[in-house]
Amino acid sequence: MAILGAINPMLTVGLDGNNAWRLEDYLGRGGYSALKRILAEKMTPDQVIAEVKKSVLRGRGGAGFPTGLKWSFMPRSFAGDKYVVCNSDEGEPGTFKDRDILLFNPHSVIEGMIIAGYAMGAARGYNYIHGEVWEVYTRFEEALAEARAAGLLGKNILASGVDFELFAHHGYGAYICGEETALLESIEGKKGQPRYKPPFPASVGLYGKPTTINNTETFAAIPFIMNLGGEAYLEAGKPNNGGTKLFSISGHVNRPGNYEIPLGTPFSTLLEMAGGMRGGRKLKGCIPGGSSSPVVPGEIMMGCTMDYDSISKAGSMLGSGAVIVMDETTCMVKALERLSFFYYEESCGQCTPCREGTNWLYKIVHRIENGQGRPEDLDLLGRVTTNIMGRTICALGDAASMPVQSFVKHFRDEFAYHIEHKKCLVPPDVQRAGSGFFKATV
C-alpha cells in the first residue's frame, strides 16, 4: 500500500486491512453515517453548505479554492439537470494520492459526491479517472456496484426520496484533461481542450448545464466534515487551512509514498515521516506542490510548514501536495530539462503562446544541458516565460513557465556553469550516486 503513514488520520484511518476498500469495511469504520444523518434529519442544502464553509476546506486538486463557496455558486433556481463532477485525472509528475484514495477508500469519494449532489440539487455525477491507471477505474466501478446494491446510490436513496446516480468515466491519459473544462469536453466525447471562460462551469458546464467540479481528495473529506462538524475539522489544521491533507512524497527520500498530516505541520516532520533524505545527503531543492509549482531551495523549504499560506510565502504553491525532493546529487538543469519536455509534450496546441512557447523552453534548456548553451539563453528563457504566462486559455502555459522561472532564479549559477564550461556542475559519478530520481519522480 502506498499510503504509508498519518498524523491524526481522517482519509486514511483504518486503511490497513486487505479489504479496506469494500463497502462492508467502510461501513464498519462509520462509512455513510454522514449521508444517513443528513437524510434522516432532513438537513437543508443550505445547512450542509454552511458546514462545509465552516471547515474552510480548500480544493485539494491544486487551486485551493474554498469548497463551500464554490458549492454556493451552483444556481438554486435552475429547473433542469445539474451535475457534480469529480476530477480524478491525476497526471502531473510527482502526484499519486488520488489513485490511492480510489484504490483503498473509494466509498469516501462516493459518499462525498452524494452529499455534494444533495447540497447543490444535482441528481447525477461523473468521476473522470486518469486513463493510465485502469486498475483504479475498475476498482471504482466495483465500489459503485456495491453502493447501488445497498440502496446507497441511484433512485430513492435509503427511501428518502433523494435521487443521485454516479458514473465512472475513463479518460485517455492526456494531462490537459486535468483542466476542468477540458475534462468536461472529454466526458461529452469531444477532443479534450479547455473552453473559454466565462461562462464558468457553475453556469454552463457539462452538456451546457450548471456543474460543480471538485478533486477526489476534496470529495473524500466531505463525510469527515459532516461527522466532525465544520469547526472541528478546521481546528484539525490551522486558520485558513482546514483539516488534514495527503502529500505524495517522491525523489530522494527513504520511504516515498502518501502521508496524511494536518495542514500546518512542519516540512521537517513530513520529511522525517518519509524516512529522511536518502543516504543522509543534504536537501538541495524541493518542489512542494507538483511539477507545475516553483522549486524552493532546501534551506528555505526546511523552514516551511505544509499549508497554503506558508508555501506561498516561500514563493511556491501547495498545489496538489506532490512533494518532489531533490538532494545534492541532482543536476538542476537536467531536472528542468525533463520537466520542460513534459509540458511541451502535453500542451494541447490550442493557444499559440503555449504551443510554441513550451517548445522553445524545452529546446533552450535542452541545449544548455547538452553543452550548447549561449550566454544570452538565461535572459531568453525569462522573456519566453513572460510571453506565455497569462496569455493562454488555461493554466498549462503558466504551469510550464513557473518551474523555468524558479529553477533559473534559485540555481542560476548552475545554469551559468553549464553554459560556460559545457558540462554539469554536479559530476556524473555524483549524479549516479543519487540515481533513480528521474525515473521515479518525473
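E188 contributes no side-chain N or O that, together with a main-chain N or O of L206, makes up a donor-acceptor pair within less than 3.5 Å. Within the 3.5 Å criterion, the main-chain N or O of G205 finds a donor-acceptor partner in the side chain of R195. In this structure a side-chain-to-backbone donor-acceptor pair under 3.5 Å is present from S33 to G30. Proximity of a side-chain donor or acceptor of R139 to a complementary backbone N or O of L103 within less than 3.5 Å is detected.
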Stepwise ring pair (Phe, Tyr, Trp, His ring centres under 6.0 Å) test for H169 and Y126: CA-CA 7 Å; H169 187 98; Y126 292 87; 7.1 Å; no
Apply the test side chain to side chain donor-acceptor pair (under 3.5 Å) to residues N105 and T12: give CA-CA distance (whole Å), side-chain angles for both, the deciding distance (0.1 Å), then the verdict. CA-CA 8 Å; N105 203 10; T12 59; over 6 Å; no
Report the C-alpha separation of V85 and T212 in whole Å, then their side-chain angles, then the decisive distance to 0.1 Å, and conclude whether the side chain to side chain contact (heavy atoms under 4.5 Å, CB included) test is met. CA-CA 6 Å; V85 174; T212 295; over 6 Å; no
F341 vs Y362, ring pair (Phe, Tyr, Trp, His ring centres under 6.0 Å): CA-CA, chis, key distance, verdict: CA-CA 5 Å; F341 179 76; Y362 169 65; 5.1 Å; yes
Stepwise side chain to side chain donor-acceptor pair (under 3.5 Å) test for T330 and E328: CA-CA 5 Å; T330 306; E328 56 201 333; over 6 Å; no
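The distance between the ring centers of Y32 and Y26 falls below 6.0 angstrom.
Donor-acceptor pairing under 3.5 Å is lacking for the side chains of N370 and K334. Judged purely by distance below 3.5 Å, without hydrogens or angles, the side chains of N215 and D98 pair a donor atom with an acceptor atom. At a cut-off of 3.5 Å, with distance as the only test, a side-chain donor of S88 or T216 sits close to an acceptor on the other residue.
The line from CG of L35 to CD1 of I114 is 5.5 Å long, rounded to the nearest 0.5 Å. In this structure, CG in L271 is found 8.5 Å from SG in C286, a value given to the nearest 0.5 Å. If you take CG on L102 and CG on N127, they are separated by 5.5 Å, rounding to the nearest 0.5 Å.
Between Y343 and Y175, the angle of the ring planes goes over 60°, which puts this pair in the perpendicular group of the 30/60° scheme.
For H410, the ring-ring contact (aromatic ring centres under 6.0 Å, His included) test picks out no residue, with sequence neighbours left out. For Y172, there are no ring-ring contact (aromatic ring centres under 6.0 Å, His included) partners at least two apart in sequence or on another chain. Listed by chain and number, the residues in a ring-ring contact (aromatic ring centres under 6.0 Å, His included) with Y207 are Y83 (sequence neighbours excluded). Residues forming a side-chain contact (heavy atoms from CB on, under 4.5 Å) with P199 (at least two apart in sequence, or on another chain): V204.
A cation-pi contact, defined as under 6.0 Å to the ring centre and within 45° of the axis, is absent between K82 and F78. R58 forms no cation-pi arrangement with F65, by the criterion of a distance under 6.0 Å to the ring centre and an angle within 45° of the ring axis.
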Per-pair distances, 0.1 Å, donor-acceptor, side chain in residues 146-154, under 3.5 Å, sequence neighbours excluded:
residue : atom : partner : partner atom : Å
E146    : OE1  : L23     : N            : 3.0
E146    : OE1  : H107    : NE2          : 2.9
E146    : OE2  : R22     : NH1          : 3.4
R148    : NE   : E165    : OE1          : 3.0
R148    : NH2  : E165    : OE1          : 3.3
R148    : NH2  : L166    : O            : 2.7

Counting only pairs under 3.5 Å, give me each side-chain donor-acceptor contact of residues 312-321, with atom names and distances, residues two or more places apart or in other chains.
residue : atom : partner : partner atom : Å
S316    : OG   : P294    : O            : 2.6
S320    : OG   : T95     : OG1          : 3.1

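Just one residue in the list V253, T305, I249, V325 forms a side chain to side chain contact (heavy atoms under 4.5 Å, CB included) with L270, and that residue is I249.
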